Every structure is written in C-alpha cells, then in structure tokens.
Peer 1: 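Pasting a structure below so you can have a look.
Just so it is clear, the model here is predicted, and its values are computed rather than measured. Note: hydrogens, waters and symmetry copies are ignored here, and every other heavy atom, side chains too, is used.
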Amino acid sequence: MFRENIIAELKEKIIQNPANVENYKNLANYYIGCEDLNNALITYKEILKLEPNDFQSLINVGSICFYRKMYLEAIEYYNKAIKLEVNNYAPYYNLGNVYAEIENFELALSNYEKALKLNPNKPDIYSALGYLYQDIDNLEQAKKYYQQAIKLDCANGENYINIANIEQKIGNLIEASVNYQKAVELNPQDVKAMLCLANTYTALKDYETAYECFDRVLSLDENYYSAWVCKAIACCDDNKNNDAIELLKHAIEIDPNKANAYILLANVLVDEKRLEEALLIYKTVAQIMPNNPKISTFIANIYVLLDNYTQAVKYYKKAMKQAPKDNEIKLIYIEMANSYINEKMKGAR
C-alpha cells in the first residue's frame, strides 16, 4: 500500500504539471528502485517525448533494454546518447557491453577502447575488456586487463576471482589459490570465492584446508547445494567414499531436481560395489533427464555388472536411439555383446 501511495502521489504531480520533466524523472527513478522495469521504461520514454535530447534518459532506456535483452533497441538509444555527448565514455562502455553480450567481438572491443580513451582511470572498463578477451580464450590479455583494473581499484574482489579462474584453467593452482584468498579477504561473506578456494585446495590435494574452506562456506549458507557436492568430490578424491555418500544425499535433500548429485552418488555406489542402490539412483536421474543417452548407458553398464544382459541390451539400444550418431555408445554395446557371446560359447564347450 505504501508503494502504491507514493506512485499515486508522483502521478498526481505529473497530472498537475505535465510539462515538468522532473516529475517524470522522480516517478521513473522510483520505479527503478522498486525494480519495476516495465513502468520505468514507459516513463523514461515519456520523458524523451518532452525532451528528446535528455542524455541520462537515453542511457537509462538503453540500459533497461539491455537488461531485458532488447539489444537492437539498446544499441539505438546508446547511439543517440553518443550523438549528444561524443566525449562521454558511458554510452561507448554500455555499447561495448551490448556487443559483448551478442558476441560481436570487434564492435565490443572498438567501443570499450573508445570508452577507455575517454576515461582511462575507470576500472570497470578494464574489467570488461578482461571478460571480453577471456571469452575468446586470450587468457594472457585478459589477465593483463584484470591486473590493470586491480591497480585502479584493489578493493574489488571480482577481479582477483577472474585472475584466479585463469590461473586455475592454465594449471597454476598455487597462484589461483592466492588470488581466491585475496578475494575472500576482501569479502569474507563471498561464498562463491570461498568455494572456489576450497576446490583449488582439493585440486592441490590439501584436503584438510579444503575441508576447512567448505565448512566456512556451509556456515555462511547451509543450503548451498554446490558446496555439498564439491565437498563430496573432495571426499572421493581423499578416499572417503562413505563421507561422500552422506554429503551427496544431503545435497539431494536440498535440491531433489538437480541431477549431478544423483549421478555422483550413483558413481560412488558403483565404486563401493553397491550396484542395486546405484541402479535405483541412475533410474531416478533418468526421470529427471529422460532423454539423456549417458544415463541410459550408465544403467546398461550396471545391468552388465549384474549379469542381466537382457536389461543391458534394452538400455544400450535406448541410448543408441537417443544418440544415433554417438559411435562410443555403439562401440560399448558391441564390446558388451561380444563378451556375452564369448561367455556363452565357453559355457557351451
């Protein structure tokens, strides 16, 4: 009711003085604060009918269009803003974001570079260039831009995370851990950075430190599904399958509609020779992902281990029907069939 009253008051001011642009701006800004983008967009467009050259309203319309994935319209309004203030970095930067989103590298790069030339001390532009180069796998160039962003704003943990992600991808796990740690120090409540740090320690086989990090994540968010799953993976790597099983079961309780905890749980149960339990889990996954050939193959493999070749053939055929061009599945099926025939022939002798 409070929100409706404020909106009614702002609209009443517009009715009383429809030529006063500030009243429209106050209403549009209130809509933005309420995350009512649809009405904010309508109101900003009303402003532009009264003042077609209102630079900030052009930027705001472009940004709302970008957020709502109306990319062509966003480009149109940002270009109008550029015509008004050709030396303002903001519309170039925003245009760069649009072109990056639609994967037009050349135009994204061109606009980011124009923005950077106009405002060389803006760390967000360096970060955006880092993302741009990271998307095309030019990791060294991406890293340089993230480092420059850090020089201008050393309090933004996101750039440390981005560098850490690059270091991890190229196998520099120690450097990755150092940068994730910096991000965590800047924001101890950042569960994603802490989880990345935990996973890095898992990769380094420093399980004790990894578990400490996982526990810190779960103390901040006990329902963080990915943290339970990742901790289970660490336990598997650390030959603690029983602990992994319990962790994965808890992850499934948190979100029973996600498949990866089920799949990992079934895999661990197979390692523990608990085949019947694994089979039930895989069949549950098949209900979540009904057309996934890998799941059908996993089920078929279990039936082979259980010496139930009739059911194995059924699920291999199902997998081949789901992925007719997957030669690996066909090869597995052929090998299974040959093994079965050879066993029968030995028995016949």
Side-chain angles (χ1 to χ4, degrees), residues 161 164-165 167-169 171-181 183-184 187-290 292-306 315 319:
I161 293 172
N165 291 340
E167 298 290 6
Q168 189 174 60
K169 186 171 183 178
N172 294 338
L173 297 179
I174 298 296
E175 282 298 314
S177 68
V178 168
N179 281 280
Y180 285 133
Q181 184 64 49
V184 169
N187 182 6
Q189 307 299 310
D190 189 338
V191 292
K192 290 184 178 179
M194 180 64 72
L195 181 57
C196 288
L197 181 60
N199 289 335
T200 304
Y201 280 123
T202 297
L204 287 165
K205 301 192 182 303
D206 183 351
Y207 299 112
E208 184 177 347
T209 308
Y211 295 142
E212 289 175 4
C213 292
F214 285 125
D215 290 342
R216 285 171 64 187
V217 172
L218 293 170
S219 70
L220 294 168
D221 184 356
E222 63 180 5
N223 292 319
Y224 193 0
Y225 175 88
S226 295
W228 290 97
V229 172
C230 291
K231 187 176 180 182
I233 292 170
C235 287
C236 288
D237 289 348
D238 196 20
N239 297 314
K240 296 181 177 180
N241 282 357
N242 288 334
D243 290 343
I245 289 169
E246 294 308 311
L247 291 165
L248 290 167
K249 286 180 178 179
H250 191 83
I252 289 168
E253 288 176 7
I254 291 171
D255 193 339
N257 296 314
K258 286 185 178 177
N260 56 342
Y262 289 102
I263 294 171
L264 289 167
L265 176 57
N267 291 345
V268 177
L269 290 170
V270 170
D271 289 342
E272 292 294 301
K273 311 299 182 187
R274 294 160 62 175
L275 301 181
E276 295 287 355
E277 292 176 69
L279 182 60
L280 289 175
I281 299 295
Y282 281 134
K283 287 189 174 181
T284 302
V285 180
Q287 293 175 353
I288 300 171
M289 307 167 67
N292 190 303
K294 288 186 177 180
I295 304 305
S296 297
T297 304
F298 289 152
I299 293 172
N301 292 342
I302 293 287
Y303 277 120
V304 170
L305 294 172
L306 290 169
Y315 278 95

Peer 1: For Asn292, enumerate each residue passing the side chain to side chain donor-acceptor pair (under 3.5 Å) test, keeping only those at least two apart in sequence or located in another chain.
Peer 2: none
Peer 1: For side chain to side chain contact (heavy atoms under 4.5 Å, CB included), just list the numbers for Leu279 and Tyr303, CA-CA rounded to whole Å, side-chain angles, deciding distance to a tenth of an Å, and then say yes or no.
Peer 2: CA-CA 8 Å; Leu279 182 60; Tyr303 277 120; 3.7 Å; yes
Peer 1: Between the side chains of Tyr207 and Asn239, is a donor N or O closer than 3.5 angstrom to an acceptor N or O?
Peer 2: no
Peer 1: I'd like to check Ile263 versus Ile295 (side-chain heavy atoms, cut-off strictly below 4.5 Å). Are they in contact?
Peer 2: yes
Peer 1: Restricting to pairs with a member in residues 237-249, which pass salt bridge (charged side-chain N to carboxylate O under 4.0 Å, His left out), not counting sequence neighbours?
Peer 2: Asp238-Lys240
Peer 1: State, to 0.1 Å, how close Ile288 and Asn257 come at their nearest heavy-atom pair, and which atoms those are.
Peer 2: CG2-O, 3.6 Å
Peer 1: Run the numbers on Arg216 and Leu220 for side chain to side chain contact (heavy atoms under 4.5 Å, CB included), then give the verdict.
Peer 2: CA-CA 6 Å; Arg216 285 171 64 187; Leu220 294 168; 5.7 Å; no
Peer 1: Please lay out, stage by stage, how Cys236 and Asn241 fare under the test side chain to side chain contact (heavy atoms under 4.5 Å, CB included).
Peer 2: CA-CA 5 Å; Cys236 288; Asn241 282 357; 4.1 Å; yes
Peer 1: Measuring from atom CG of Leu269 to atom OH of Tyr282, what distance do you get when rounded to the nearest 0.5 angstrom?
Peer 2: 8.5 Å
Peer 1: Does any part of the side chain of Glu272, heavy atoms only, come nearer than 4.5 Å to the side chain of Asn242, both counted from C-beta?
Peer 2: yes
Peer 1: With Glu277, which residues qualify under salt bridge (charged side-chain N to carboxylate O under 4.0 Å, His left out), at least two apart?
Peer 2: Arg274
Peer 1: Sorted by first residue and then second, give each side chain to side chain donor-acceptor pair (under 3.5 Å) pair with at least one member in residues 171-180; sequence neighbours left out.
Peer 2: Asn165-Tyr180, Glu167-Asn172
Peer 1: Can you list, pair by pair, the side-chain donor-acceptor contacts under 3.5 Å of residues 189-204, counting residues two or more places apart and other chains?
Peer 2:
{"unit_1": "Asp190", "atom_1": "OD1", "unit_2": "Lys192", "atom_2": "N", "d": "3.2"}
{"unit_1": "Asp190", "atom_1": "OD1", "unit_2": "Ala193", "atom_2": "N", "d": "3.1"}
{"unit_1": "Asn199", "atom_1": "ND2", "unit_2": "Leu195", "atom_2": "O", "d": "3.4"}
{"unit_1": "Thr200", "atom_1": "OG1", "unit_2": "Gln168", "atom_2": "NE2", "d": "3.1"}
{"unit_1": "Thr200", "atom_1": "OG1", "unit_2": "Cys196", "atom_2": "O", "d": "2.8"}
{"unit_1": "Thr202", "atom_1": "OG1", "unit_2": "Ala198", "atom_2": "O", "d": "3.1"}

Peer 1: If you look only at pairs with a residue in residues 236-257, which of them pass as a ring-ring contact (aromatic ring centres under 6.0 Å, His included), with sequence neighbours excluded?
Peer 2: Trp228-His250
